[in-house]
Visitor: 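The following block contains the structure, expressed as structure tokens.
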Amino acid sequence: MKSSEIREKFLKFFESKGHTIVRSSPLVPGNDPTMLLTNSGMVQFKDVFLGLDTRPYSRATSVQRCVRAGGKHNDLENVGYTARHHTFFEMLGNFSFGDYFKRDAIAYAWELLTKVYLLPAEKLTVTVYQEDDEAYDIWANEIGVPKERIIRIGDNKGARYASDNFWQMADTGPCGPCTEIFYDHGAEIFGGPPGSPDEDGDRFIEIWNLVFMQFNRDEAGNMTKLPKPCVDTGMGMERLAAVLQHVHSNYEIDLFQNLIKAAARETGVTDLESKSLRVIADHIRAASFLIVDGIIPSSEGHGYVLRRIIRRALRHGHKLGQTKPFFYKLAADLNTEMGTAYPELADKLSYVQQVLKTEEERFGETLENGMKILEAQLGKDPHKLDGATAFTLYDTYGFPLDLTADICRERGVTLDEAGFAEAMENQKKTARAAGKFKMAANVEYSGAKTSFVGYEQLHFDSTVIALYSNGAPVQELNAGEQGIVVLDTTPFYAESGGQVGDQGAIQSATAKFAVDDTLKIQADVFGQHGVLDSGTLKVGDKVSALVDTEKRNRTIRNHSATHLMHKALREVLGGHVAQKGSLVDPDKTRFDFSHNAPVTAEQIAQVEALVNKEILENHPTKAQHMSFDDAVKHGAMALFGEKYGDQVRVLDIGTSKELCGGVHVNRTGDIGLFKIVSEGGVAAGIRRIEAVTGEGALALVQSMARRLNEAAAALKATPEEITSRIGQVQDQVKSLERELNALKSKLASGQGDELATKAVDVKGIKVLAATMEGADVAALRETMDKLKDKLKTAAIVLASVADGKVSLIAGVTADSIGKVKAGELVNFVAQQVGGKGGGRPDMAQAGGTNPAGLPDALAGVAGWVEAKL
């Protein structure tokens, strides 16, 4: 059974059981700073399990793209060397949100495996949590699995519920027992059943994990039953394919075999059992899909994970003898294998190849720089390489440890692997600490969802349904208190998608609450943050909610312009441009996007022209709700790092079509005027543009015109003549600089002749230490050269003082450097004037911050030279 058929049968089976087929979410979890990458099928449903979000269905099924190559789930170093470790894999899953529970979940799994995939029942073994008698009884008495093939797994990690068969989302929150299904590959394969001493062998392989979320764990460790228990299952598609295709290793399945053959083709290797080919085949999947989801190689975060994966693949290509770019070519083969299941790969194939090729071309430079660091360290100690350096090569230069180890073995150098492991563990601890999941809400709320009317209305009569002070619920707020107000219906837009929350006021008959910001307490619950200016506000009060109209209008002009700018950037720079972050407030729009070069002045002008053209054409803005799939067919763009539900809001502004829940102008003409303020880089491959609209753009243009007129007046020219006038001034400055340099040279020559007469003879060497008034470093150097020519055999120190700082230069003629070194001489003087310095034996330079010490320092030069002789 081919991999494509396995995916299809899984989804169709659960669809027949009343499940909604949900598309795979991106590899970057939307709006979730607690997770770097999507590592399981439940990630996109996490807020649903936590009760912070709802879906229009209670049963779901998906085939989720996952990556485990960083943080808690890091399989990178094992990939290619074991039968089942991958950086990228597909997880088949079915989910119940308070609908069915253990009985149905177990029955569905057994039916699919034995009736649809036709696995022999006698080849399947199951595990349950030690205390989960309910699951045990279902397997034994309803499914009919022999009791000797139902294994109870207890707490084996030093605490209750610390078991491989007890799952938890984090230290607190939803958790529960799980039951796992194992496939027996046969007695000819080493290994014992789960829970036995030989369980790490390859005979019994876990293929499906059914998690039963039935408890909530609080901070004290207390367990309480959830009112609506849920089901979360996950089955590795690659593992299942290996079983159904009657092979032992995941790398032997159809999908991988074709990629391995493609890797062999591009590297010129004939041994298809090469582990390096496995690494390359695995890594092209992870790298390509990370790029599809908007990630580009960089030195941190998501981009760093991608860079490590790519470079590890390239390293293995080098090991196979391929030093020319090859990896990017495999993206086309991947598209052949997976493009039908994931059309987003086919849509962005050329961009994926471009990013991969660029990174591949950079790898040679990185390899060279890393080798310099390695060579320098081995030069200090040719017998041992310390762990810190090995980790720096790994962490900063992308050197896998095996590359460093290979080089050390070739040279007979001992590698401090323990030190490397310690540095690695320190990094993992930091990653784990940063990755712990915390509840998204800062306040507890269990009331009704907020009804948002702010698309159409900025003033609405509403009711207070909750109040908070210092994060705790209260029944009333008094004058002067800061707090959060929750309304049953609100016109205030809550911060989302880069657009800041609304400001304004909430007024009752006796109180006024100043709204400073609006944020989401939960996915569908808005909290108005601010301070009660006067009166007393109580839960249940009837109030008027008034959005600050001026700030809202300025914000929406900037937001709508951002959509038009995004579209224009893609037209001018290319389809690879993708949003990487934004901030839209009343004053500006700040937009981060993927692009690997500065945007030129000409390109900025093109973008401005395109946006302002759309503004002048005064297109109407149109918002409509539809399914995500229909939105994609409509041509709408989904933004990087945003989380979208199954029903999305599609916004048409001019020729721009994007998924967006924000508030916008009614027509493009409402934006007024668009002007880019600045452009620059913020990270590798990430550029940032700031722009203004409306009154802000007008104020900017007027300010620029005013400064232009002021500059023209200062230059005694018209604005039209200012460029040529600046050219004339520059020519005059250059002419004056040449005259000044000539005068300085003449002055230096004159001073040199005079200073030469002040040199004293010290055991056959002319010694001179003097101050040159008003001389800069260039004049000191020029005078030094003239004095050395004139005095023939000499040791000289020249100094000057300007703005409270001392400049020093020392020179020693070639026939004297065997006895006196200029670097030592200048350092002797510099230390006495609050500085230090050094340089070549014949010429050295230094500085200081204590001019008062200069006379004594220069007076001691002759004695210092005499001591050296």
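Just so we're clear, the structure is a prediction, and the values are computed from it rather than from any experiment.
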Visitor: What closest approach, in Å, do Ala135 and Phe212 show between heavy atoms, and which atom pair accounts for it?
Guide: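 Reported closest heavy-atom pair: CB-CE1, 4.4 Å.
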Visitor: Between His86 and Phe256, what is the ring plane arrangement, given parallel below 30°, perpendicular above 60°, and tilted in between?
Guide: parallel
Visitor: Is the Tyr108 ring parallel, tilted or perpendicular to the Phe14 ring (thresholds 30°, 60°)?
Guide: perpendicular
Visitor: Measuring centre to centre across the rings, with the benzene-like ring taken for any Trp, is Tyr183 within less than 6.0 Å of His185?
Guide: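 Close enough - the centres of the two rings lie under 6.0 Å apart.
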Visitor: Using atom types as modelled and distance alone, determine if a side-chain donor or acceptor of Arg59 lies under 3.5 Å from a backbone N or O of Gly18.
Guide: no
Visitor: Checking Gln44 side chain against Arg23 main chain: does a donor-acceptor pair fall under 3.5 Å?
Guide: yes
Visitor: Does the ring center of His85 lie less than 6.0 Å from the ring center of Tyr251?
Guide: no
Visitor: Any side-chain heavy atom of Pro174 within less than 4.5 Å of one from Met213?
Guide: yes
Visitor: Passes side chain to side chain donor-acceptor pair (under 3.5 Å), Gln64 versus Ser25? Steps please.
Guide: CA-CA 7 Å; Gln64 175 65 49; Ser25 64; 3.1 Å; yes
Visitor: Check for a donor-acceptor pair, side chain of Thr233 on one end and backbone N or O of Asn94 on the other, with a separation under 3.5 Å.
Guide: yes
Visitor: Are side-chain heavy atoms of Phe166 and Cys175 found at a separation under 4.5 Å?
Guide: yes
Visitor: Can you tell me if Thr125 uses its side chain to pair, donor with acceptor, with the backbone of Arg149 under 3.5 Å?
Guide: no
Visitor: Does Arg152 qualify as a cation-pi partner of Tyr136, given the criterion of NZ or CZ under 6.0 Å from the six-membered ring centre and within 45 degrees of its axis?
Guide: yes
Visitor: Between Gln624 and Arg649, does a side chain to side chain donor-acceptor pair (under 3.5 Å) hold up when you go through it step by step?
Guide: CA-CA 6 Å; Gln624 52 189 321; Arg649 184 171 182 260; over 6 Å; no
Visitor: For Glu238 and Glu90, indicate whether the former's side chain and the latter's backbone hold a donor-acceptor pair under 3.5 Å.
Guide: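 Yes, the answer is positive, given that a donor and an acceptor are paired below the 3.5 Å cut-off.
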Visitor: Is it the case that the side chain of Asp218 and the backbone of Gly221 share a donor-acceptor pair, with hydrogens and angles ignored and the cut-off at 3.5 Å?
Guide: yes
Visitor: For the backbone of Arg285 and the side chain of Ser288, can you confirm whether one donor and one acceptor N or O come within less than 3.5 Å of each other?
Guide: no
Visitor: Any donor-acceptor pair under 3.5 Å linking the side chain of Glu199 with the backbone of Gly195?
Guide: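 Yes; at least one donor-acceptor contact below 3.5 Å.
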Visitor: Once you measure the plane-to-plane angle for Phe97 and Tyr57, does it fall in the parallel (<30°), tilted (30-60°) or perpendicular (>60°) bin?
Guide: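 The arrangement is tilted - the two ring planes meet at 30° to 60°.
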Visitor: Is the shortest heavy-atom distance from the side chain of His283 to the side chain of Phe88 under 4.5 Å?
Guide: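 Contact flag for His283/Phe88 side chains = no.
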Visitor: Tell me if the aromatic rings of Tyr100 and His19 count as close, with their centers under 6.0 Å from one another.
Guide: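 Yes.
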Visitor: Take Ile291 and Ile296, measure what side-chain contact (heavy atoms from CB on, under 4.5 Å) needs, and give me the verdict at the end.
Guide: CA-CA 6 Å; Ile291 295 169; Ile296 58 175; 5.6 Å; no
Visitor: Kindly determine whether Val28 and Ile295 satisfy side-chain contact (heavy atoms from CB on, under 4.5 Å), including the steps that lead there.
Guide: CA-CA 9 Å; Val28 179; Ile295 301 172; 3.4 Å; yes
Visitor: Regarding Arg55 and the six-membered ring of Phe45, is the cationic atom NZ or CZ under 6.0 Å from the ring centre and inside 45° of its axis?
Guide: no
Visitor: Using only atom types and a distance under 3.5 Å, with no angle test, would you say the side chain of Gln245 pairs donor to acceptor with the backbone of Asp254?
Guide: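 Yes, the answer is positive, given that a donor and an acceptor are paired below the 3.5 Å cut-off.
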Visitor: For Cys66, does its backbone N or O pair with a side-chain atom of Thr38 as donor and acceptor, under 3.5 Å?
Guide: no
Visitor: Can you tell if the side chain of Lys261 reaches within under 4.5 Å of the side chain of Leu272, non-hydrogen atoms only?
Guide: yes
